[in-house]
Structures are given as C-alpha cells and as structure tokens.
Amino acid sequence: MKYLHQFMIIIGITFVGELLKYMLPLPIPASIYGMVIMFIGLMTGFIKLDAVKDVGKFLIEIMPVMFIPAGVGLMSSWSVLKPLLLPVSIITVVTIITVMGAAGRSSQWVIRRDRKRAEKKINEKAHC
C-alpha cells in the first residue's frame, strides 16, 4: 500500500501538470509543470520526501526501459530520418556542449557563492 500511495501522489501531481498545460496559454510541456510542482512541494515541505522517495527510486531504475519504444520508433522511421542525420547530429552535439557548459558555469557560480558566504561567516565569527 505504501508504494501505491506514493505512486498516486506522483500521478496526482502529473495530472495537475496536465491541467495547467491546458489551462495556461504557455508553450510549456505538462511534464515541466509537474516537475516544478513537485520541486516546490518538496522544497516547502508540503510534500515530504519520504512520501515519494521509494517510488521515485523505482521509476529512476526502470527509466531505461521507457526509452525502448522511442528507440523502436526511430528505427522504424529510419528512411525518413536518414537524410536528416547530419543536421540532427550537429544540432545534438552543439546542444550537448551548450548544456554542459551552462551547467558547469551554473555549478561554478553556486560553489563560488557558497564559498564566499562561508568565508564571510568565518570572518564575522573571527571578529567577535
């Protein structure tokens, strides 16, 4: 029953994300709405981590299986995709490099900010 309850919480949040997608005139996928709702719920404590942790781990473990239908779809559409292989490959490589760079820069910024805050606290304690 614990797993069913946790899964129902995730499904409920997903459903709310779907509702928001149809209610708001923004070009944002329902999954993004759902992730933002889950993030806010977890950060505010409205949703306790223990309320979704076990099923979340399970869903992450089976995630590779979820890509099988997409892979089969790509293989069955090979004749359509073959002429687009070079442009799609270039776009994919550029996107990967861009995302890695942005993630790295963001991480560095957060780490530096946290170090400055820690140093500031240490200096304030030293002056007391």
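Note that this is a predicted model, so its numbers are computed, not measured.
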Any side-chain heavy-atom pair from His5 and Ile9 closer than 4.5 angstrom?
yes
Check for me, please, whether Leu26 and Ile40 land in the same ILVMFWY cluster - side-chain distances under 4.5 Å, paths through other members count.
yes
Is any side-chain heavy atom of Lys21 closer than 4.5 Å to a side-chain heavy atom of Ile32?
no
Spacing of Lys121 atom NZ and Asn123 atom CG [to the nearest 0.5 Å]
13.0 Å
Once salt bridge (Lys or Arg N to Asp or Glu O under 4.0 Å) is applied, what residue pairs with a partner in residues 38-56 remain, sequence neighbours excluded?
Lys2-Asp54
Compare all side-chain heavy atoms of Val52 with those of Leu42 and state whether any distance is below 4.5 angstrom.
yes
So which pairs with a foot in residues 104-116 pass salt bridge (Lys or Arg N to Asp or Glu O under 4.0 Å), sequence neighbours left out?
none
Group every Ile, Leu, Val, Met, Phe, Trp and Tyr by side-chain heavy-atom contacts under 4.5 Å, then state whether Leu20 and Ile11 land in the same group.
yes
Could you tell me the separation between the CE atom of Met38 and the CD1 atom of Ile10, rounded to the nearest 0.5 Å?
5.0 Å
Tell me whether Ile13 is reachable from Met23 by hopping between hydrophobic residues (I, L, V, M, F, W, Y) whose side-chain heavy atoms are closer than 4.5 Å.
no
Transitively linked via ILVMFWY side-chain contacts under 4.5 Å: Phe15 with Val55?
no
Between Met66 and Val72, is there shared hydrophobic-cluster membership here, with clusters defined by ILVMFWY side-chain heavy atoms closer than 4.5 Å?
no
Excluding sequence neighbours, so at least two apart, what forms side-chain hydrogen bond (donor to acceptor under 3.5 Å, both in side chains) with Lys82?
none
Apart from Val94 itself, what residues make up its hydrophobic cluster when side-chain heavy atoms of I, L, V, M, F, W and Y under 4.5 Å apart count as a link, directly or indirectly?
Leu86, Ile90
Under a single-linkage rule joining Ile, Leu, Val, Met, Phe, Trp and Tyr whose side-chain heavy atoms are separated by less than 4.5 Å, which residues share a cluster with Val88?
Leu84
Output the rest of the hydrophobic cluster of Val110: all Ile, Leu, Val, Met, Phe, Trp and Tyr residues reachable through side-chain heavy-atom contacts under 4.5 Å, sorted by chain and number.
Trp109
Interatomic distance, Ile91 atom CD1 to Ile96 atom CD1 [nearest 0.5 angstrom]
12.0 Å
Search all heavy atoms of Ala30 against all heavy atoms of Gly17 and return the closest pair with its distance.
CB-O, 3.6 Å
Any side-chain heavy-atom pair of Phe46 and Ile37 under 4.5 Å
no
